[in-house]
Amino acid sequence: MNDSIRAQFPILHQIVNGKPLIYLDNAATSQKPLAVINAIKDYYEQYNSNIHRGAHHLAQLATEKYENARTAVAQHINASEREINFVRGTTEAINLVATSYGRKFINAGDEIIVSEMEHHSNIVPWQMLCEEKGATLRVIPINDAGEIIFEDYLKLLSEKTKIVSIAYISNALGSIHPVKEVISEAHKVGAVVFIDGAQALPHKKVDVKDLDCDFLGFSGHKVFAGTGIGILYGKEKLLEAMNPYMGGGEMIKSVSFAGTTYNDLPYKFEAGTPHIEGGISLGAAINYINEIGLDKIAAYEDELLAYVTEKFLEVDGLRIVGTAKNKASVISFLINDIHPYDLGVLLNEQGIAIRTGHHCCQPLMDRLKIEGTCRASFAFYNTKEEIDATVYALKRAAKILS
Ligand code: C6P
């Protein structure tokens, strides 16, 4: 990747604590290219309006752009527009399915399976559903490398299993799970599968038909779009069978005190005025990454991951947490017994942004018997020079803190 790509991300070109910013917190949120920033700016400068309800020019334009974004997302993941629901993000996508699908189809004695390394967003909504329904949450264990133990997953599956929900890529360790196999095994016992795509969509091509997942959720802000917007994909027949998540405007066909009829997909799950500029920004982001090419992005990030893995191990006492064979460009690490937060503070003094802590994966940290890690996560605008500067800063910080 070259300077012309970095030039499209204005935020990267700034000085933090006297040093050029090195942004390695992409798993938390990605930076935005001009194409996305301008799409949001254009909306407010040129055609700010509510959608789907105005007969006037601005409303028509805003509706067209918003629906074009839905089409871009649908094409991107190989779904139909009816299966693309705009939500606030991955968290809302999971809560929507846990509530709308779960309330209708989960009963006492049923089982829901997640893995030991899920983000809290992919644990807590299922716990809440289990509590409400008298169902049981079962957990796929992981090995020390941070991979799910597939044989143990197979043992958990039974006719009681109704939902399996798993991340495609772990946010804390970067492990890429064998989701296609997870899905096909779950289908053999009649369970539906939710794929948490929060960390996958920024890095790889995701084809819902090829995966045959029943639901997929992801967040716009991790995929170079604005915050507060995300996608729930669901197979049409499942979405049709579910009740709406929220009631309000837009999700109805007709309302009377005798009763209400619900709107068609995808509007049935989109009550109220949506995050219009967010949706438009997501369309712009999807178009942007497709212009670069996800294959090219994935190949470059693999190169960065190999480089950072090799270089970080040059730091005395550095231990990589999460050594799965199949990994994305996320690297968690510890140095001797230095507290991750202290390392994060010293790196920040050098203009380097990493994330420290449990990464919203406390059960994973319990399993690994650690409090947390330092996490450096990469995007296609990061460079090997930034990795070199980070290694230098880590060596310096380790010396100060040892
Ligand atoms: N992970 C991280 O720094 P929301 O907040 O809804 O956009 O995404 C939640 C979420 C769900 N699943 C996975 C795998 C995730 O990585 C995240 C968000 C961020 O790792 C913030 S905690």
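As the structure lists them, so they are numbered: ligands from 1, and atoms in each ligand from 1.
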Query raised in the report: Looking at ligand 1, does Lys222 have a heavy atom less than 4.0 Å from it?
Result: yes

Query raised in the report: Glu92: heavy atom below 4.0 Å from ligand 1, yes or no?
Result: no

Query raised in the report: In terms of residue, atom name and distance, what is the protein heavy atom nearest to atom 15 (C) of ligand 1?
Result: His119 CD2, 3.4 Å

Report task. Go through the steps to decide whether Arg6 and Asp3 satisfy the test salt bridge (charged side-chain N to carboxylate O under 4.0 Å, His left out), and finish with yes or no. Result -> CA-CA 5 Å; Arg6 287 182 66 83; Asp3 289 347; 5.5 Å; no

Query - N-O pairing of Asp316 and Lys395 below 4.0 Å - result: no

Query raised in the report: Should the proximity of Arg375 to ligand 1, defined as any heavy atom under 4.0 Å, be assigned to the side chain, the backbone, both, or neither?
Result: side chain

Report task. Please confirm whether His221 comes under 4.0 Å of ligand 1, counting heavy atoms of the residue only. Result -> yes

Query raised in the report: Of all the atoms in ligand 1, which lie at a distance below 4.0 Å from a heavy atom belonging to Ser219?
Result: 4 (P), 6 (O), 7 (O), 8 (O)

Report task. Please could you name the atoms of ligand 1 that Thr91 approaches to less than 4.0 Å, counting only its heavy atoms? Result -> 4 (P), 5 (O), 6 (O), 8 (O), 9 (C)

Query raised in the report: Considering only heavy atoms, which of His358, Arg355, His359 lies nearest to atom 2 (C) of ligand 1?
Result: Arg355

Report summary line: Contacts satisfying ring pair (Phe, Tyr, Trp, His ring centres under 6.0 Å) that involve residues 320-356 (not counting sequence neighbours) are Phe312-Phe333

Query raised in the report: With atoms numbered from 1 as shown, which atoms in ligand 1 lie under 4.0 angstrom from a non-hydrogen atom of Ala27?
Result: 2 (C), 3 (O), 19 (C), 20 (O)

Query - ligand 1 atoms in contact with Gln199 (distance to a heavy atom under 4.0 Å) - result: 1 (N), 14 (C), 15 (C), 16 (O), 20 (O)

**Report entry** Within 45° cone of Phe224 ring axis and under 6.0 Å: Lys32 NZ or CZ
**Finding:** no

Query - Sub-4.0 Å heavy-atom approach of Asp196 to ligand 1 - result: yes

Query raised in the report: Do the side chains of Ile338 and Ser402 get nearer than 4.5 Å, heavy atoms only?
Result: yes

Report task. Using the ring pair (Phe, Tyr, Trp, His ring centres under 6.0 Å) rule, collect all pairs that involve residues 173-195, keeping only residues at least two apart or in two chains. Result -> none

Requested in this report: Select the closest option to atom 20 (O) of ligand 1 among Asn171, Thr227, Ile229, Ile169, judged by heavy-atom distance.
Outcome: Asn171

Requested in this report: Evaluate side-chain contact (heavy atoms from CB on, under 4.5 Å) for Ile140 paired with Glu116, printing each intermediate quantity in order.
Outcome: CA-CA 6 Å; Ile140 312 168; Glu116 206 169 13; over 6 Å; no

Query raised in the report: Are the charged groups of Asp295 and Lys204 less than 4.0 angstrom apart, N to O?
Result: no

